[in-house]
Amino acid sequence: MAKIKIDAAVLEDYQKTAVKWQPTLLDLPIRAAYDVLKFMHGITGLRGKMKLGEISADSQFAPFKKNRKSDADVNIKYREIETFLGNVVEEFSPVDYAFLTMGYDDPIAGEKIKNASTTALVLFHLAKARGQHIAQAVLTGVRNEDGDTTLDLCDGLVTIAKKDIAAGNIAAAKGNYIKLQDEFSMANACDLLKEEVVFKLNPYLRSQNNVLLCSPELVDMYNESYQATHSNLNYNTAYNQPFVEGSHNKLTLVGIPEMAGVKHLILTQKDNMWWATDNKSDESFVDIMRKDHYTLSSAANMFLGAQLRTIDPRRLTIVELADEKTVTPPASGGDTPAAGGSGDQQEG
C-alpha cells in the first residue's frame with residue numbers, strides 16, 4: 001500500500017520532538033548569536049520594560065568646622081531596556097533534510113545532540129539559523145513594528161547611540177563622543193587609534209578594561225599598521241595585536257562581521273552593553289503543524305531588546321569614523337586653462 005509522505009505519525013513525531021526539545025530550540029538562536037552576545041551583558045526573563053538605574057553622588061570631607069552642613073548631592077538617572085515580542089512562522093519539507101549532515105559535534109547544539117533524533121536535528125538546524133540575525137539586530141537593528149526581519153525587532157546598540165547623538169546626549173562637549181577627521185588605512189590605523197582615540201578618552205574611562213567594537217577590516221588595518229611602525233621593537237613578536245597601543249593593555253580591539261560598514265564604533269565595557277530576552281515563559285514556544293502533503297509549518301515566539309546601561313563619559317565613548325573624502329574628477333580635455341594659469345595641458 002502506498003504511504004502518505006507526511007502522515008499522522010510523522011506529524012506527531014515532529015510535534016512530540018518540539019515539545020521534548022523546546023528549551024533547547026528556544027535557546028539555540030541565542031547560543032548561535034553568542035559570537036556577539038559574549039561581549040555584552042545578557043539578562044533573561046524580561047518581558048517588556050525595565051529601568052536601569054545609575055546613581056552618582058558628590059560628597060566630600062573638608063577641614064573641620066563644628067557648624068558645617070551641606071545638602072546631599074545625589075543624582076539618579078535611568079535608562080530603559082525593553083524587549084519586543086517577535087515570531088517566526090516557517091514552512092519546510094522534511095524530505096529536504098533527508099541527507100542532513102549536521103553531525104554529532106555541532107558546537108552550537110553541544111553534547112545534547114548526541115541523543116537527538118533526525119527529526120530533532122531538522123528543528124535544530126532551523127532554530128540555530130536565526131542566531132546570526134539576532135547578533136546583527138542587537139547592534140544595528142532599528143525598531144519597526146511593521147517590519148518583517150529580525151533587524152526590525154528592536155533598536156540595536158549602534159542605533160541607540162546614534163539617537164543619543166542626535167539628541168545631544170552623546171557629544172564631544174560631554175566627553176563621550178569622538179569624531180575622527182582622518183580615514184583609517186593600512187598606514188595610519190595604529191597611530192590614529194592611539195593618538196585620536198586612546199589619548200583623548202576620559203581618564204576614568206581609560207583606566208577601565210574596555211572593548212572597541214569595530215569591523216574586522218579595522219583590526220586588519222591596525223595589525224598591518226602596527227607591524228610597519230613597530231618593526232624594530234623587541235616586544236613586536238606577534239602579528240595579531242589584541243590591545244591598542246598606548247592603552248596599557250586596557251583597550252581590546254573586537255572585530256566582528258556585524259560591525260562591517262558601521263560608522264559608529266562603541267568603546268565601553270562588557271557590562272555596559274546589555275541584551276535581554278524572555279525565551280522561557282509561556283509566551284515563548286515552538287509549535288508544529290501540517291500544511292499540506294509535503295510541508296510542515298514551524299512557529300516560534302521570542303522577545304529581544306538591547307540598551308547601553310550608561311552613556312557617562314567615564315564608562316562610554318562613541319567613535320564616529322571620518323567622512324569619506326570625495327575625489328574631484330579632473331577637468332575634461334576640452335576645457336581651456338584660464339589666462340595666466342599654470343595648467344599642464346599641451347598646446348594643440
Side-chain angles (χ1 to χ4, degrees), residues 36-41 52-56 75 77-81 138-141 155-185 188-219 221-222 225-226 241-256 258-275 306-323:
V36 169
L37 300 183
K38 67 183 178 182
F39 297 109
M40 303 167 62
H41 175 76
L52 306 177
E54 177 188 4
I55 185 169
S56 62
N75 297 310
K77 297 179 181 179
Y78 292 99
R79 291 180 67 85
E80 192 172 73
I81 186 170
V138 297
L139 291 174
T140 62
D155 282 349
L157 298 182
V158 173
T159 302
I160 291 169
K162 290 167 66 175
K163 288 184 176 181
D164 274 310
I165 292 172
N169 301 321
I170 295 178
K174 293 183 179 292
N176 53 9
Y177 172 81
I178 295 173
K179 173 65 182 288
L180 298 178
Q181 300 304 311
D182 297 315
E183 296 182 68
F184 284 114
S185 69
N188 72 2
C190 181
D191 288 338
L192 194 56
L193 274 174
K194 177 176 63 175
E195 297 171 9
E196 297 300 320
V197 177
V198 173
F199 290 173
K200 293 186 177 180
L201 294 176
N202 180 288
Y204 291 99
L205 174 61
R206 193 175 170 188
S207 69
Q208 302 284 325
N209 289 315
N210 298 297
V211 295
L212 178 66
L213 299 189
C214 62
S215 68
E217 181 186 18
L218 178 54
V219 176
M221 287 191 288
Y222 182 85
S225 176
Y226 187 93
Q241 300 294 329
F243 304 110
V244 176
E245 182 81 351
S247 71
H248 303 290
N249 292 354
K250 289 185 176 294
L251 178 56
T252 303
L253 281 175
V254 177
I256 48 181
E258 290 79 5
M259 288 293 287
V262 175
K263 288 196 63 175
H264 294 80
L265 313 184
I266 301 174
L267 194 160
T268 189
Q269 306 87 48
K270 174 179 178 178
D271 62 1
N272 194 37
M273 298 181 287
W274 286 46
W275 62 268
Q307 185 57 273
L308 294 167
R309 183 180 179 93
T310 178
I311 58 174
D312 189 305
R314 294 169 295 183
R315 296 290 308 279
L316 169 91
T317 287
I318 299 299
V319 180
E320 183 174 352
L321 302 185
D323 298 326

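The analysis underlying the following values was restricted to heavy atoms, covering all of them including side chains, and did not include hydrogens, waters or symmetry mates. On a predicted model such as this, the values are computed, not experimentally measured, just so you know.
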Q: State, with a plain yes or no, whether a side-chain heavy atom of Leu193 is found less than 4.5 Å away from one of Leu212.
A: yes

Q: To the nearest 0.5 angstrom, please state how far the CZ atom of Arg309 sits from the CG atom of Leu316.
A: 13.5 Å

Q: Is a side-chain N or O of Ser215 found less than 3.5 angstrom from the main chain of Gly261, in a donor-acceptor match?
A: no

Q: Does the Asn272 side chain pair with the main chain of Gln269, one donor and one acceptor, at a distance under 3.5 Å?
A: no

Q: Looking at Ala171 and Gly168, what are the two nearest heavy atoms and their distance?
A: CB-O, 4.1 Å

Q: Compare every heavy atom of Phe243 with every heavy atom of Tyr222, then report the nearest pair and how far apart it is.
A: OH-O, 3.5 Å

Q: More than 12 foreign heavy atoms under 6.0 Å from CD of Gln208: is that the case here?
A: yes

Q: Would you find a donor on one side and an acceptor on the other, under 3.5 Å apart, between the side chain of Lys270 and the backbone of Lys38?
A: yes

Q: Minimum heavy-atom separation for Gly246 and Phe199, please, with both atom names.
A: O-CE2, 4.1 Å

Q: After noting the C-alpha distance and the side-chain angles of Met259 and Leu265, does the key distance pass the side chain to side chain contact (heavy atoms under 4.5 Å, CB included) rule?
A: CA-CA 8 Å; Met259 288 293 287; Leu265 313 184; 4.3 Å; yes

Q: With salt bridge (Lys or Arg N to Asp or Glu O under 4.0 Å) as the criterion, how do Asp164 and Arg79 come out once you've worked through the C-alpha distance, each side chain's angles and the decisive distance to 0.1 Å?
A: CA-CA 11 Å; Asp164 274 310; Arg79 291 180 67 85; 2.9 Å; yes

Q: Is any side-chain heavy atom of Pro313 less than 4.5 Å from a side-chain heavy atom of Leu205?
A: no

Q: Can you tell me if Tyr204 has over 12 outside heavy atoms packed within less than 6.0 Å of its OH?
A: no

Q: Looking at CD of Glu195 and CD of Glu245, how far apart are the two atoms once the value is rounded to the nearest 0.5 Å?
A: 10.5 Å

Q: Which heavy atom of Asn188 sits nearest a heavy atom of Ser185, and at what distance?
A: OD1-N, 2.7 Å

Q: Looking only at non-hydrogen atoms, find the nearest pair between Leu157 and Trp274 and report the distance.
A: CD2-O, 4.2 Å

Q: Show, in sequence, the C-alpha distance, side-chain angles and deciding distance for Met273 and Val211, and conclude whether the side chain to side chain contact (heavy atoms under 4.5 Å, CB included) test is met.
A: CA-CA 11 Å; Met273 298 181 287; Val211 295; 3.8 Å; yes

Q: Do Ile256 and Phe39 have side chains that get closer than 4.5 Å, going by heavy atoms?
A: yes

Q: Which residue in the set Val138, Thr140, Leu139 passes side chain to side chain contact (heavy atoms under 4.5 Å, CB included) when paired with Glu258?
A: Leu139

Q: Are side-chain heavy atoms of Leu213 and Val262 found at a separation under 4.5 Å?
A: no

Q: Please step through side chain to side chain contact (heavy atoms under 4.5 Å, CB included) for the pair Asp323 and Lys179, ending with a clear verdict.
A: CA-CA 9 Å; Asp323 298 326; Lys179 173 65 182 288; 3.4 Å; yes

Q: Sort out for me which residue in Thr268, Thr310, Asn176, Asp271 forms a side chain to side chain donor-acceptor pair (under 3.5 Å) with Arg315.
A: Asp271

Q: Could you measure the distance from the CG atom of Asn202 to the CG atom of Leu267? Nearest 0.5 Å is fine.
A: 11.5 Å

Q: Can any side-chain N or O of Glu183 pair as donor or acceptor with the backbone N or O of Ala322 at less than 3.5 Å?
A: no

Q: Are Thr317 and Asn210 close enough that some pair of their side-chain heavy atoms sits under 4.5 Å apart?
A: no

Q: Are Ile165 and His264 packed together at the side-chain level, in the sense that at least one heavy-atom pair is separated by less than 4.5 angstrom?
A: yes

Q: Side chains of Lys77 and Asp312, heavy atoms from C-beta outward: is any pair under 4.5 Å?
A: no

Q: CG of Leu218 to CG of Leu192: how many Å apart, nearest 0.5 Å?
A: 9.0 Å

Q: Can you check whether Val244 reaches Val197 side chain to side chain, under 4.5 Å on heavy atoms?
A: no

Q: Where do Ala161 and Ile318 come nearest, in terms of heavy atoms and distance?
A: CB-CD1, 3.7 Å

Q: For Lys194, I'd like to know if atom NZ has over 12 heavy atoms of other residues, nucleotides or ligands within 6.0 Å.
A: yes

